[in-house]
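Data block below; observations after.
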Amino acid sequence: MNITYEHKPAMTFIGYSTSIRPEEGYTKCPEFWDKEYAQKYARLWQTMQPETPLEKAILENGVGLFAICDEKEDSFEYWISGLYKGGKVPEGLKLYTFPESDWAMFSAKGPLPGSLQALNTRVWQEWYPKEGQKYLGNGNAMLEVYSPGDMQSPDYECGIWVPICKPREQSEKETAEIVSTMTITGIL
């Protein structure tokens with residue numbers, strides 16, 4: 001598993017989304033891509049001539065080069081998105097902003113969806129319980145990153161980016177206040 005850490009400014013994405021239960025993610029996410037590709041991309045990728053404001057925004061902002069997984073209480077909102085370059089947001093699209101953050105950036109090679117799903121499993125079952133516990137999450141969302149090219153090639157590159165921040169160090173005064181409160185309440 002390849003991992004790098006990098007600081008990035010706030011980033012705003014434009015896209016569209018659906019709600020998915022976590023246990024259905026590995027099935028429903030590819031289904032969402034297939035449905036949206038048939039409806040929004042098939043003709044557009046062949047002609048590269050947008051006919052609607054929605055198609056123009058998809059091309060101009062690279063909608064489809066990223067996916068956002070925004071965790072909710074009993075589901076996650078799954079976005080097909082691109083990096084927003086400004087301008088009017090056409091009906092059917094919406095914006096999502098990640099704050100300025102450090103990022104843990106993982107990469108993998110291989111055909112989709114298998115390579116990305118295997119990477120996702122490794123991130124949350126290997127990295128997070130060990131290295132990932134040193135950090136605080138910076139929000140409830142993460143990014144899937146896709147490169148242009150043949151998504152079924154063994155050399156196809158994709159990635160997962162997780163926004164993180166280092167835990168804030170407690171001052172001696174804050175630590176003393178916590179210990180004092182715990183002593184007063186009988187916890188210590």
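- Inspection of the Glu77 and Ser19 side chains reveals no N or O donor paired with an N or O acceptor under 3.5 Å.
- Contact between Ser115 and Gly110 at its shortest, heavy atoms only, is OG-O, 2.9 Å.
- With hydrogens and angles disregarded, a donor-acceptor distance shorter than 3.5 Å links the side chain of Asn61 to the backbone of Ala57.
- Under the 4.5 Å side-chain criterion, counting only non-hydrogen atoms from C-beta, Met48 is in contact with Leu59.
- To the nearest 0.5 Å, atom OH of residue Tyr37 and atom CZ of residue Phe32 are 15.5 Å apart.
- When all heavy atoms are compared, the tightest approach of Lys88 to Pro90 is O-CD, 3.3 Å.
- Criterion: ILVMFWY side-chain heavy atoms under 4.5 Å apart, direct or through other members. Under it, Ile68 and Phe106 are not part of a common hydrophobic cluster.
- Val145 and Leu112 fall into different hydrophobic clusters, where Ile, Leu, Val, Met, Phe, Trp and Tyr are joined by side-chain heavy atoms under 4.5 Å apart, directly or via other members.
- Contact record, Ala104 with Ile3: CB-CD1, 4.3 Å, taken as the closest heavy-atom pair.
- The side-chain tip of Lys40 points at the ring of Tyr16 from less than 6.0 angstrom away and within 45° of straight on.
- Cluster membership for Tyr128 and Tyr135, using ILVMFWY side-chain heavy atoms within less than 4.5 angstrom, is shared.
- Put simply, the side chain of Ile14 reaches to within 4.5 Å of the side chain of Val89, judged on heavy atoms.
- The distance from atom CG of Asp34 to atom OH of Tyr41, rounded to the nearest 0.5 Å, is 12.5 Å.
- Trp124 has its side chain within reach of Met142: a pair of non-hydrogen atoms, C-beta onward, lies under 4.5 Å apart.
- With contacts defined as side-chain heavy-atom distances shorter than 4.5 Å, the pair Phe66/Tyr146 does not qualify.
- Counting only heavy atoms from C-beta outward, the side chains of Phe98 and Thr12 never approach each other to under 4.5 Å.
- Every residue meeting the side-chain contact (heavy atoms from CB on, under 4.5 Å) condition with Ser107, not counting sequence neighbours, appears here in chain and number order: Asn2.
- Contact detail for Ser147 and Tyr156: the closest heavy-atom pair is O-OH, 2.6 Å.
- Rounding to the nearest 0.5 angstrom, the gap separating the OG1 atom in Thr47 from the CH2 atom in Trp45 is 10.0 Å.
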Verify side-chain contact (heavy atoms from CB on, under 4.5 Å) between Ile20 and Ser75, making sure each step is shown before the conclusion.
CA-CA 5 Å; Ile20 298 175; Ser75 64; over 6 Å; no

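- Between atom CG of residue Leu93 and atom CD1 of residue Ile58 there is a gap of 6.0 Å, rounded to the nearest 0.5 Å.
- The hydrophobic cluster containing Ile80 does not contain Leu83, counting ILVMFWY residues as joined when their side-chain heavy atoms lie under 4.5 angstrom apart, directly or transitively.
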Evaluate the criterion side-chain contact (heavy atoms from CB on, under 4.5 Å) for residue pair Lys56 and Gln49; output intermediate values, then yes/no.
CA-CA 8 Å; Lys56 184 178 183 209; Gln49 298 295 318; over 6 Å; no

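- Atoms CD and CG, from Glu73 and Asn140 in turn, are 11.5 Å apart once rounded to the nearest 0.5 Å.
- Taking the six-membered ring for Trp and thresholds of 30 and 60 degrees, Trp103 and Trp161 have ring planes more than 60 degrees apart, a perpendicular arrangement.
- Counting only heavy atoms from C-beta outward, the side chains of Cys29 and Pro113 never approach each other to under 4.5 Å.
- Side-chain contact between Glu31 and Glu36 is absent, with no heavy-atom pair separated by less than 4.5 Å.
- Remark: Leu65 CG to Leu143 CG distance equals 11.5 Å, nearest 0.5 Å.
- A donor-acceptor pair under 3.5 Å is formed between the side chain of Tyr26 and the backbone N or O of Gln117.
- Side-chain contact, Tyr84 with Glu60: no donor N or O sits under 3.5 Å from an acceptor N or O.
- In this structure the side chain of Glu100 never reaches within 4.5 angstrom of the side chain of Met11, judged on heavy atoms.
- Trp33 approaches Ala67 most closely through the heavy-atom pair CZ2-CB, 4.1 Å.
- Asn138 contributes no side-chain N or O that, together with a main-chain N or O of Ser101, makes up a donor-acceptor pair within less than 3.5 Å.
- Side chain of Glu55 to main chain of Glu51: a donor-acceptor pair is present (N/O by atom type, distance under 3.5 Å, no hydrogens or angles).
- With no hydrogens or angles considered, a side-chain donor-acceptor pair links Ser17 and Lys94 at under 3.5 Å.
- Side-chain N or O atoms of Asp150 include one that pairs as donor or acceptor with a backbone N or O of Gln152 at under 3.5 Å.
- Using a 4.5 Å cut-off between side-chain heavy atoms of Ile, Leu, Val, Met, Phe, Trp and Tyr, with links allowed through other members, Phe13 and Trp79 fall into the same hydrophobic cluster.
- Between Pro22 and Phe76, the shortest heavy-atom contact is CA-CE2, 3.9 Å.
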What do the steps show when you test Tyr5 against Ile164 for side-chain contact (heavy atoms from CB on, under 4.5 Å), and what is the final call?
CA-CA 9 Å; Tyr5 294 91; Ile164 57 172; 3.8 Å; yes

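- Between Asp70 and Lys72 a salt bridge is recorded (basic side-chain N to carboxylate O distance below 4.0 Å).
- Residue Glu91 places its CD atom among 12 or fewer non-hydrogen atoms of other residues, nucleotides or ligands, all under 6.0 Å distant.
- Ion pairing between Lys130 and Glu126 fails under the 4.0 Å rule for side-chain N and carboxylate O.
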